[in-house]
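A short worksheet on the structure shown next.
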Amino acid sequence: MSLIRIDNVTKLYQTGEVPVTALKDLSVTINQKSFVSFIGPSGSGKSTLLNLMGALDKPTEGKVVINNVDIAGLDRTQSAIFRGSNIGFVFQNFNMIPVLTVFENVEYPLLMLKHISANERRDKILTLLDKVGMLDQKDKYPNQISGGQKQRVAVARALVTNPKIVLADEPTANLDHKTAYKVISIMHEMQKEFGTTFIFSTHDTKIVDEAEIIYTLEDGVIVNSEVKTNN
Ligand code: ADP
Ligand code: MG
């Protein structure tokens with residue numbers, strides 16, 4: 001079933017005299033429970049596309065439908081609520097809160113969801129930290145763990161609200177190759193285990209092999225798509 005539908009989307013940024021076309025009449029459909037990567041050089045439109053998929057921005061032309069909601073119709077507050085209940089984010093620079101422990105960083109998005117009891121919250125956090133191999137580090141602060149470990153925590157934090165979609169914009173950009181590959185593998189394991197749709201972007205051609213579907217972007221256009229059948 002299609003979870004995200006991008007229909008003939010164009011995105012223009014009007015900053016200076018000349019508008020920049022970040023995406024050009026782009027269409028793509030992403031199914032539930034898939035593990036998808038967008039690859040392409042810097043400036044090819046990866047972040048713009050992921051921002052649209054995360055209801056962080058709106059297209060100039062065309063339609064973006066996420067989980068049956070046309071995001072064009074949402075105001076700022078509605079967009080925020082929509083993101084909170086449907087989407088988890090993993091960022092390039094980890095975005096940990098430095099004064100909170102690993103446990104508390106994962107807890108943070110759950111505190112917005114009032115219907116979850118403290119016990120339930122604790123169970124969820126510990127389960128996810130265990131899955132990403134960070135349970136024994138739960139009382140550490142972000143400056144006491146490595147970049148790869150921070151990104152594992154970020155994956156746990158993205159999943160803790162049971163979102164339908166996890167969006168990771170260049171999640172491995174600040175990691176060495178081996179660590180990057182591990183983080184992508186963990187995302188893949190989580191996708192299989194929870195059935196969450198994972199979408200990540202990268203310009204690293206080596207780690208992209210882990211994805212099941214790979215789209216290549218160039219100048220705001222999808223120039224190639226590849227579907228893997230062996231994983
Ligand atoms: P990528 O993530 O692949 O590096 P982006 O989506 O960030 O690509 O950028 C695509 C194009 O849009 C680039 O030419 C970039 O300079 C431009 N762009 C992105 N965001 C903005 C913005 N907020 N304002 C103006 N131009 C932007
Ligand atoms: Mg980018």
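Atoms within a ligand are numbered from 1 in the order they appear, just like the ligands themselves.
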Given Phe35 and Phe200, is the ring-ring contact (aromatic ring centres under 6.0 Å, His included) satisfied, shown in steps?
-> CA-CA 8 Å; Phe35 193 64; Phe200 70 100; 5.6 Å; yes
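- Shortest contact from atom 12 (O) of ligand 1 to any protein heavy atom: Ala22 CB, 3.4 Å.
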Run the side-chain contact (heavy atoms from CB on, under 4.5 Å) check on Arg157 and Asn95 step by step: do they pass?
-> CA-CA 11 Å; Arg157 179 184 56 189; Asn95 282 24; 4.1 Å; yes
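- In terms of protein heavy atoms, atom 8 (O) of ligand 1 is closest to Gly45 N, 3.1 Å.
- Nearest to atom 1 (P) of ligand 1 among the protein's heavy atoms is Gly43 N, 3.4 Å.
- Annotation for Lys33: atom NZ does not count as buried by contact number, only 12 or fewer foreign heavy atoms lying within 6.0 Å.
- By the criterion of a heavy-atom distance under 4.0 Å, both the backbone and the side chain of Thr48 are placed next to ligand 1.
- In terms of protein heavy-atom proximity, atom 7 (O) of ligand 1 is closest to Ser47 CB, 3.7 Å.
- Within a 6.0 Å radius of CZ in Arg5, no more than 12 heavy atoms belonging to other residues, nucleotides or ligands are found.
- Listed by number with element, the atoms of ligand 1 under 4.0 Å from a non-hydrogen atom of Ser42 are 4 (O).
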Start with the C-alpha gap between Leu3 and Ile66, add the side-chain angles, then the distance that decides, and say whether side-chain contact (heavy atoms from CB on, under 4.5 Å) holds.
-> CA-CA 6 Å; Leu3 182 57; Ile66 309 162; 5.6 Å; no
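- Taking only nitrogen or oxygen atoms, main chain and side chain alike, Thr15 does not reach within less than 3.5 Å of ligand 1.
- Residues Ser201 and Asp169 have side chains that bring a donor and an acceptor to within less than 3.5 angstrom of each other.
- The residue from Val20, Leu12, Asn51, Asp219 that puts a heavy atom closest to atom 14 (O) of ligand 1 is Val20.
- At a distance under 4.0 Å, no protein heavy atom can be found next to atom 16 (O) of ligand 1.
- Taking backbone and side chain together, Ser47 holds an N, O or S atom under 2.8 Å from the Mg ion (ligand 2).
- In this structure, the protein non-hydrogen atom closest to atom 19 (C) of ligand 1 is Tyr13 CE1, 3.3 Å.
- Looking at Pro41 against ligand 1, only its backbone comes within 4.0 Å, counting heavy atoms.
- In this structure, Tyr108 places its OH atom where only 12 or fewer heavy-atom neighbours from other residues, nucleotides or ligands lie under 6.0 Å away.
- With no hydrogens or angles considered, no side-chain donor-acceptor pair links Ser34 and Asn31 at under 3.5 Å.
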